[in-house]
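A short worksheet on the structure shown next.
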Amino acid sequence: LEKNPLAPGHTREDYEKRVDFELNEDQQMLKGLVEKFVDDRYDLTRRLGYQRDSQGFSAENWRLLADIGLLALPFPEAHGGLEGDCVSTITVMEVLGAGLVAEPYLSDIVIAARLIATAGRDAQKEQWLPRIIAGEARATLAHFEHEARFNLPYVATTAQNGEINGTKTMVLAGAGVDAYLVSARNGGSRAGHDAKPGRIDRGDRQFRRQQRQQFGLRKRHAQHTAI
């Protein structure tokens, strides 16, 4: 602000409001709630124990996150959500990240379930969101492909006549989910921006999965999925 002149029509107070990173009272309470979860449920020894589960996290912890309302946070009230804003989601993610929490809040809630809430049909929202919020169902996004090489719009997987064909890699927290949201295209260029998500249920015989693990403090269970 000292180096750049204020834009016409704006005061210094306008700029100070824009860069106010202080949490309000509700957000501070939310942060305290998540910190209590981390303090009560996590240390490195217990974290390693959670990750030995076939899903890579604690199902009991996931139910607890549902019970205290964190799974409902970013969703509309019409589907059982709490209408939380992006600052609330960032606040939760910051505390979960600092605690090295293994539960798939990013992959299931922030990415996959939010995708259903944003782009899903009304019937899909009614079918999936209440169950995800209650901790009774899980979904994850299957988008990355080996050939893409970090080109996010690249999708070679195709959807033709109700059948999806392709291979996805690095499907985060893919073990034990009830549905995969699979990006596929029914035409256009592989590097274009016209791919759309489709859903494949866990029991569908169209696909096979190969589970892999990433090791380190943030060890994650990821999958290589052929459809």
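Contact check for Leu106 versus Met93: side-chain heavy atoms found under the 4.5 Å cut-off. In this structure, Tyr180 and Leu141 have side chains that are not in contact, with every pair of non-hydrogen atoms separated by 4.5 Å or more. At a threshold of 4.5 Å between non-hydrogen side-chain atoms, the residues Ile116 and Leu181 count as touching. Between Asn165 and Thr157 there is no side-chain heavy-atom pair separated by less than 4.5 Å.
One N or O on the side chain of Thr91 and one on the backbone of Val87 form a donor-acceptor pair closer than 3.5 Å. Listed for the Arg185 side chain is a donor-acceptor partner under 3.5 Å among the backbone atoms of Val155. At distances below 3.5 Å, at least one donor-acceptor pair connects side-chain atoms of Glu103 with backbone N or O atoms of Ser58. A distance-only check finds a donor-acceptor pair linking the side chain of Lys168 to the backbone of His143 [under 3.5 Å]. Distance alone, capped at 3.5 Å, places no donor-acceptor pair between the Tyr50 side chain and the Tyr42 backbone. When atom types are taken as modelled, the side chain of Asn24 and the backbone of Asp26 share a donor-acceptor pair closer than 3.5 angstrom. With Thr140 contributing its side chain and Gly174 its backbone, the two residues share no donor-acceptor pair below 3.5 Å. Without hydrogens or angle criteria, Asp178 side chain to Arg138 main chain gives a donor-acceptor distance under 3.5 Å.
The aromatic ring centres of Phe150 and Phe144 sit 6.0 Å or more apart.
The CG atom of Leu64 lies 11.5 Å from the CH2 atom of Trp62; values are rounded to the nearest 0.5 Å. In this structure, the separation between CD1 on Ile90 and CD on Gln27 is 9.5 Å, given to the nearest 0.5 Å. With rounding to the nearest 0.5 angstrom, the CD atom of Glu147 is 8.5 Å from the OG1 atom of Thr167. Annotation: the span from Asp67 atom CG to Arg63 atom CZ amounts to 8.5 Å, rounded to 0.5 Å. Expressed to the nearest 0.5 Å, how far OG1 of Thr89 lies from CD1 of Ile109 amounts to 10.0 Å.
The hydrophobic clustering, which links ILVMFWY residues whose side-chain heavy atoms are closer than 4.5 Å, places Leu33 and Leu73 together. When hydrophobic clusters are built by joining Ile, Leu, Val, Met, Phe, Trp and Tyr residues whose side-chain heavy atoms come closer than 4.5 Å, directly or via intermediates, Val34 is grouped together with Ile68. Both Leu96 and Val110 are members of a single hydrophobic cluster when ILVMFWY side chains are connected at heavy-atom separations under 4.5 Å.
The two atoms that bring Ser107 and Ile111 nearest to each other are O-CB, 3.7 Å, heavy atoms only. Of all heavy-atom pairs spanning Ala112 and Ala139, the tightest one is CB-O, 3.4 Å. For the residue pair Tyr105 and Leu70, the shortest heavy atom distance occurs at OH-O, 2.6 Å. Contact between Pro104 and Ala173 at its shortest, heavy atoms only, is CB-CB, 3.5 Å. Residue Leu23 comes nearest to Gln28 through the heavy atom pair O-NE2, 3.2 Å, listed as atom of the first residue, atom of the second, then distance. Minimum heavy-atom separation, Gln127 to Arg131: O-CD, 3.2 Å.
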Given Leu30 and Val92, is the side chain to side chain contact (heavy atoms under 4.5 Å, CB included) satisfied, shown in steps? CA-CA 8 Å; Leu30 174 63; Val92 171; 3.9 Å; yes

Determine, step by step, whether Leu44 and Leu100 satisfy the side chain to side chain contact (heavy atoms under 4.5 Å, CB included) criterion, reporting the C-alpha distance in whole Å, the side-chain angles of both residues, the deciding distance to 0.1 Å, and the verdict. CA-CA 9 Å; Leu44 287 179; Leu100 298 177; 4.3 Å; yes

Take Phe57 and Val101, measure what side chain to side chain contact (heavy atoms under 4.5 Å, CB included) needs, and give me the verdict at the end. CA-CA 9 Å; Phe57 66 92; Val101 169; over 6 Å; no

Mind running side chain to side chain contact (heavy atoms under 4.5 Å, CB included) on Val38 and Val95 for me, showing each step along the way? CA-CA 8 Å; Val38 173; Val95 179; 4.1 Å; yes

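Salt bridge status for Arg46 with Asp43: present, with a side-chain N to carboxylate O gap under 4.0 Å. Arg41 has a carboxylate O that lies under 4.0 Å from a charged side-chain N of Glu60, or vice versa, which qualifies the two as a salt bridge.
Between the side chains of Tyr154 and Glu145, no donor N or O sits under 3.5 Å from an acceptor N or O. Defined by atom type and a distance below 3.5 Å, a donor-acceptor pair is missing between the side-chain atoms of Gln124 and Asp122.
With sequence neighbours left out, the side-chain contact (heavy atoms from CB on, under 4.5 Å) criterion links Arg114 to Pro74, Phe75, Ala117, Thr118.
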